[in-house]
Amino acid sequence: MQRNLDVPWSYTGSNGPQYWHTLCDWYAEGADYAYQSPIAINSDETLVGTEKHRLTFSYQVEKFTEKEFKNTIHFVPFDCQSYVLFAGEEYGLTDIHYHLPSEHILDNEQAPLEIHLVHMKKDGTNLVVGVLCDILPGILPNGPLKKAQRWDLDEHIEVFNPNLFLPTEQSYFHYVGSLTTPPTKGPINWFVFQERHQISRAFLSQFQEEILKGNNRPLQARKGRKIYFCD
């Protein structure tokens, strides 16, 4: 069975999203999961989240390196010290990456950018946090360039607290879906923030060659899934 990195895929043409499941057995296996992501989220169609939907962040300053693969830039931690707590279990932060424009659509609006903070627990199960973002000119006072403790792109070493990629207001939507890139496996617990974050164009311009514009998977059918809002 060919694995993800062995089989090329893209967002257009003969190996674009509508053909991912045909490219290899592994991708086909992922596509067999019925509840795919991303989806459109409408605030007025959500249920009230309870304690069992609660996500607790335990992020800290740690060292990352940036890598370009899967059609975008990724920040990958050296030691996976940051984590979230969900349903009594820890999911370590393993990857931060970007989609232009956003993959999820909230209340019929697509954001210019979506950040995915990917987590994994010890058995390999993923959990993803999605942050929709506006792209603003200049360097924001509280943007990554200002809050990073070290940002050495020449040496590919960054030292920062990943909470700089989270919005101030931490209300979010929780639903169960899939990964949005091959093999699009599921089930994956998704947590999509209601408030948009702000990223400076100056920050993103450093990676403009690594982030492929239009690297957003098309919306997938909701299929009656329940979406919970946690305030």
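The figures here come from the full heavy-atom set of this structure, side chains too, leaving out hydrogens, waters and symmetry mates.
- More than 12 heavy atoms of other residues, nucleotides or ligands sit less than 6.0 Å from atom CD of Q18.
- By the rule that hydrophobic residues join a cluster once side-chain heavy atoms approach within less than 4.5 Å of another member, Y59 and V118 end up as members of separate clusters.
- Connection of V128 to L93 is not established within any shared hydrophobic cluster, with ILVMFWY side chains joined at heavy-atom distances below 4.5 Å, either directly or through further cluster members.
- Within the 4.5 Å cutoff, the side chain of I188 has no heavy atoms near those of the Y33 side chain.
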Working for side chain to side chain contact (heavy atoms under 4.5 Å, CB included), residues S200 and L136: CA-CA 5 Å; S200 72; L136 300 185; 5.9 Å; no
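- The six-membered or imidazole ring of F86 lies near that of H174, with a centre-to-centre distance under 6.0 Å.
- Under a 3.5 Å cut-off, the side chain of S37 and the backbone N or O of S178 do form a donor-acceptor pair.
- Aromatic rings of F173 and F229 (six-membered ring for Trp) have centroids within the 6.0 Å cut-off, being under it.
- The distance from the CD atom of E68 to the CD1 atom of I73 is 6.5 Å, given to the nearest 0.5 Å.
- The residue from R217, K223, Q220 that alone fulfils the side-chain hydrogen bond (donor to acceptor under 3.5 Å, both in side chains) condition with Q36 is R217.
- A donor-acceptor contact shorter than 3.5 Å links the side chain of E195 to the backbone of E169.
- In this structure, E89 pairs ionically with K121, as a charged nitrogen and a carboxylate oxygen lie closer than 4.0 Å.
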Worked check of side chain to side chain contact (heavy atoms under 4.5 Å, CB included) between I115 and I199: CA-CA 10 Å; I115 298 174; I199 294 292; 4.1 Å; yes
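- Using a 4.5 Å heavy-atom cutoff, the side chains of N15 and T22 are not in contact.
- The minimum heavy-atom distance between P101 and A111, with the atom names listed, is CB-O, 3.4 Å.
- For residues 37-64, the pairs satisfying salt bridge (charged side-chain N to carboxylate O under 4.0 Å, His left out) are E45-R222, E51-R54, with sequence neighbours left out.
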Worked check of side chain to side chain contact (heavy atoms under 4.5 Å, CB included) between L179 and W190: CA-CA 9 Å; L179 296 180; W190 273 93; 5.9 Å; no
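- Taking both residues in full, the closest heavy atoms of V48 and Y228 are given as O-CD2, 3.9 Å, listed atom of the first, atom of the second, then distance.
- Residues I39 and W20 are members of separate hydrophobic clusters, defined by side-chain heavy-atom contacts under 4.5 angstrom among Ile, Leu, Val, Met, Phe, Trp and Tyr.
- None of H116, H74, H119 except one satisfies the side-chain hydrogen bond (donor to acceptor under 3.5 Å, both in side chains) rule with D95; the exception is H74.
- Remark: the backbone N or O of L23 is not paired with any side-chain donor or acceptor of W9 at under 3.5 angstrom.
- With a 6.0 Å radius and a threshold of 12 heavy atoms from other residues, nucleotides or ligands, F57 has its CZ atom above the threshold.
- Checking side-chain atoms of D79 against main-chain N and O of Q81 turns up no donor-acceptor pair under 3.5 Å.
- Residues I227 and L47 fail the side-chain proximity criterion, which asks for heavy atoms closer than 4.5 Å.
- With hydrogens and angles disregarded, no donor-acceptor distance shorter than 3.5 Å links the side chain of W26 to the backbone of V7.
- Aromatic rings of H21 and Y27 (six-membered ring for Trp) have centroids beyond the 6.0 Å cut-off, not under it.
- A donor-acceptor pair under 3.5 Å links the side-chain atoms of Q110 to the main chain of S102, judged by distance alone.
- In terms of heavy atoms, H53 sits closest to F191 at O-CE2, 3.5 Å.
- Looking at Y11 and H99, their side chains come closer than 4.5 Å, going by heavy atoms from C-beta outward.
- A donor-acceptor pair is defined here as one N or O able to donate and one able to accept, closer than 3.5 Å; such a pair exists between the side chain of T72 and the backbone of Y98.
- Distance check, rounded to the nearest 0.5 Å: OH of Y35 to CZ of R225 gives 8.0 Å.
- Checking side-chain atoms of T65 against main-chain N and O of H156 turns up a donor-acceptor pair under 3.5 Å.
- Taking the six-membered ring where the residue is Trp, the centroids of H104 and Y175 are separated by under 6.0 Å.
- Two residues are said to be in side-chain contact when any heavy atoms from C-beta on lie closer than 4.5 Å; L132 and V192 meet this criterion.
- No more than 12 heavy-atom neighbours from other residues, nucleotides or ligands sit within 6.0 angstrom of OH on Y19.
- A distance of 10.0 Å separates CD in E29 from OG1 in T184, rounded to the nearest 0.5 Å.
- A donor-acceptor distance shorter than 3.5 angstrom exists from the side chain of Y172 to the backbone of L55, with no hydrogens or angles considered.
- For F160 and F165, the ring centers sit closer than 6.0 Å to each other.
- Heavy-atom minimum distance, T46 versus S43: OG1-O, 2.8 Å.
- A 4.5 Å side-chain heavy-atom check between L127 and V84 finds at least one atom pair inside the cut-off.
- With sequence neighbours excluded, the residues forming a side chain to side chain contact (heavy atoms under 4.5 Å, CB included) with I135 are L100, P112, L113, R201, L204, listed by chain and number.
- Side-chain contact between N161 and L164 is absent, with no heavy atoms from C-beta onward closer than 4.5 Å.
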Side chain to side chain contact (heavy atoms under 4.5 Å, CB included) evaluation trace for V131 with L166: CA-CA 7 Å; V131 182; L166 302 180; 4.2 Å; yes
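- Taken from CZ in F193 to CG in L117, the straight-line distance is 8.5 Å, to the nearest 0.5 Å.
- Considering only heavy atoms from C-beta on, F64 comes within 4.5 Å of I96 through its side chain.
- Here the side chain of E103 pairs no donor or acceptor atom with the backbone of P38 at under 3.5 angstrom.
- Annotation: the span from D134 atom CG to R196 atom CZ amounts to 4.5 Å, rounded to 0.5 Å.
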